[in-house]
Every structure is written in C-alpha cells, then in structure tokens.
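As structure tokens, the structure follows; a few thoughts come after it.
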Amino acid sequence: MHPTATGLIKLAPAALHGMDAESINQVLELLVAPLQAAVPQPTEVVLHDLQRIPNTVRAIAGVVTGRQIGDPPTDKLLERIAAGEFHHEIGYRSELPDGRILQSTTIIYTDKNGRPAAALCLNSDVSAWVSLRTAMDRFVLGHDGLMMSPGPSAASSLPPGRGSADTGSRSSEYFPHSVEELSTRMLDAAIGAVGVPVAKMKKEHKVQVVAELDRRGFFLVKQAPESAAAALGVTRFTIYNYLNELEDAEGKLA
C-alpha cells in the first residue's frame, strides 16, 4: 500500500476518538477522494456509514466493484458488525465473480459510545500483478515445474487479513449492488449451510437457517423477517418466534 495512504489510515482512528457517528462520517467523507488518488491504481475507496444499514455506502471514489452511493455493505462487513468484531483488517484477499483478485482493507470506526459508526474500505484490483507473478513463475520454473511446485500459487499469495479469526472465508466476500441482491445472497448461503432443501425442511432445519442468518447479520437489514419468511415458506411471525426461541436458548446457556 502507498505510504501516504497507510499514514492517513493509521492516523484517522486516533484523531476521531470520542466523536459522534455523524461527525466521524463527515470527516472520513472528506478523505475518500484524496485517499483514492494517493494509492496505486486501480483502487476503489468506499465509506460505509454504519448508521444507515442497509444503504451504507455514503461515499465512493474509483471504479472496481461497480458500486455507488446508497448501495449496501458486503456480506462479511455486515457479519462483522453483527458479531461486534470491530478490529481492522489490512491487506486481505477478496475475489470478484468475474475472477478479478482484490487486495482489500477494512477499517472500522466506533463512536464515543463504542458503537460502530463507519467503515473505510480500500479495494485494489491486483489481477494484473497476479498474472505477472504466474507468468514469471512459468518462465522460471517451466510448465512442469510450476505444476509440481509445492509453494503457494500466485492467486493465493496475497496476505490474509491481519487480526482476522477466519482468513479463509474472507475470499468469498460479496459486493452487492442492491439490498435485494444482498438479501438473496445471504438467504442462499444460510439455506446452503443447513444442507436441506427448503421443501424438505422440518422446523428444526428452519430454526437453523434463522440462526445462521442471525449470525451473519441478516436481521440488521430492513424487512429481513419478511424476506426470510418468504424464502422458508412461513409467516414473519414464525420467524420472530424462531428468533425468540434462539434467544431463550442462548439465555439458558449463558
């Protein structure tokens, strides 16, 4: 990462300590364009206002993921907010549906009360560098040597997110362009995690789906109970009942 960008990122959290959420976002909004101009291209800088879930994208500079102001957060950012994981992740690997490889950074800012206020994210398209690395490996090792080499592949050579408890899952980060797209993605992922087709699900399976959705931060999104109910073939009141059952179960375990 460009040293100027690194300096801005490191200084900002301390400088914004003790401020309210709106003030934090106003300051960071001023940094988005100059920060994007300071780093190697192609890079996208995105400011998420975490007080505006699900339409969190407040400012964006650069075109990498194709998002715009008013778009929702990624599935992984929403999951982190739901889990209360506010540590920074620097230089982790992401991948777009078209195969482009990103080196991403996410900095989460909390307000004076410790609540998540904003997330400043940088996504750099490093596909050309990965391709160059592959070409160099092929030139040096030859095709057979490249196939037999026990070392990491070029695509997997980016550093994992420092401080991340689950670096493997970060590569599946999804960059939605609408709330509907985000909801559909999360519903499909939760249903897939349970491993039973909806048509064959019993109550315990549907409760598992709701638990997985809750873990992923799905219910932070407006009208999420209605979306979950439609996907599972139940009423939204049933979804609320499942959530209450899960909360009661957690209370007994605590």
Side-chain angles (χ1 to χ4, degrees), residues 1-2 5-6 8-9 12 25 28-82 85 88-109 116 118-131 154-162 164 166-189 216-218 220-221:
M1 183 180 294
H2 193 284
T6 303
L8 282 172
I9 292 173
N25 276 282
L28 292 176
E29 194 168 4
L30 297 175
L31 290 176
V32 169
L35 180 56
Q36 192 273 339
V39 297
Q41 302 302 318
T43 294
E44 167 187 274
V45 178
V46 186
L47 172 62
H48 291 276
D49 184 341
L50 300 179
Q51 303 300 299
R52 298 181 179 181
I53 295 173
N55 305 106
T56 58
V57 176
R58 176 167 175 153
I60 186 167
V63 180
V64 173
T65 62
R67 290 173 296 166
Q68 58 188 2
I69 292 173
D71 281 353
T74 68
D75 54 345
K76 296 303 179 184
L77 177 56
L78 196 61
E79 183 177 329
R80 289 183 60 195
I81 297 306
E85 297 177 359
H88 308 328
E89 289 191 87
I90 311 295
Y92 61 87
R93 181 182 184 275
S94 300
E95 187 171 338
L96 295 177
D98 61 10
R100 284 180 293 154
I101 297 171
L102 307 183
Q103 184 166 338
S104 299
T105 289
T106 297
I107 308 293
I108 295 181
Y109 299 81
L120 188 63
C121 305
L122 287 81
N123 300 302
S124 297
D125 184 350
V126 296
S127 303
W129 293 104
V130 171
S131 297
S156 63
S157 61
L158 293 180
R162 291 193 288 274
S164 173
D166 184 8
T167 57
S169 66
R170 293 298 305 183
S171 62
S172 64
E173 186 167 24
Y174 188 68
F175 301 88
H177 296 81
S178 68
V179 176
E180 292 75 17
E181 190 179 337
L182 174 63
S183 296
T184 299
R185 174 80 176 197
M186 297 181 75
L187 283 165
D188 289 346
R216 293 170 181 262
F218 180 78
L220 296 175
V221 178

TODO: Using side-chain contact (heavy atoms from CB on, under 4.5 Å) as the criterion, list what pairs up with Ser104, not counting sequence neighbours.
DONE: Tyr92, Ser94, Leu102, Asn123
- [ ] Check whether any side-chain heavy atom of Arg52 sits under 4.5 Å from a side-chain heavy atom of Asn25, and report yes or no.
- [x] no
Task: Spacing of His48 atom NE2 and Leu120 atom CG [to the nearest 0.5 Å] - done: 9.0 Å
TODO: Taking Glu173 for its side chain and Leu96 for its backbone only, find out whether a donor-acceptor pair lies under 3.5 Å.
DONE: no
TODO: State, yes or no, whether a side-chain contact exists between Glu44 and Ile60 at a heavy-atom distance under 4.5 Å.
DONE: yes
Task: For Arg216, all residues meeting salt bridge (charged side-chain N to carboxylate O under 4.0 Å, His left out), sequence neighbours excluded - done: Glu212
Task: Minimum heavy-atom distance Asn55-Gly70, with the two atoms named - done: ND2-O, 3.0 Å
TODO: For residues Thr105 and Gly91, report the shortest heavy-atom separation together with the two atoms involved.
DONE: OG1-N, 3.0 Å
Open item on the list: Looking at every non-hydrogen atom in both residues, tell me the closest pair between Arg67 and Val46 and how far apart they are.
Closed with: NH2-CG2, 3.6 Å
Task: Nearest atoms (heavy-atom pairs only) where Arg100 meets Asp98 - done: NE-OD2, 2.9 Å
- [ ] Please list all pairs passing the salt bridge (Lys or Arg N to Asp or Glu O under 4.0 Å) test where one or both residues lie in residues 30-43, with sequence neighbours left out.
- [x] none
Give the table of side-chain donor-acceptor pairs shorter than 3.5 Å for residues 32-40, with sequence neighbours excluded, one pair per line with atom names and distance.
residue, atom, partner, partner atom, Å
Gln36, NE2, Gln41, OE1, 2.8
Gln36, NE2, Thr43, O, 3.0

Open item on the list: Once salt bridge (Lys or Arg N to Asp or Glu O under 4.0 Å) is applied, what residue pairs with a partner in residues 175-184 remain, sequence neighbours excluded?
Closed with: none
Task: CD1 on Ile90 to CG on Leu122, rounded to 0.5 Å - done: 9.0 Å
Open item on the list: Could you check whether any side-chain heavy atom of Val45 comes within less than 4.5 Å of a side-chain heavy atom of Leu31, counting everything from C-beta outward?
Closed with: no
Open item on the list: Please give me the minimum heavy-atom distance between Leu78 and Gly217, naming the atom from each residue.
Closed with: CD2-O, 3.4 Å
Task: Arg80 side, atom CZ; Asp75 side, atom CG - distance, nearest 0.5 Å - done: 12.5 Å
Task: Set of residues satisfying side-chain contact (heavy atoms from CB on, under 4.5 Å) with respect to Ala82, sequence neighbours excluded - done: Leu220
Open item on the list: Tell me the closest heavy-atom pair linking Leu77 and Leu50, and the distance in Å.
Closed with: CD2-CD2, 4.4 Å
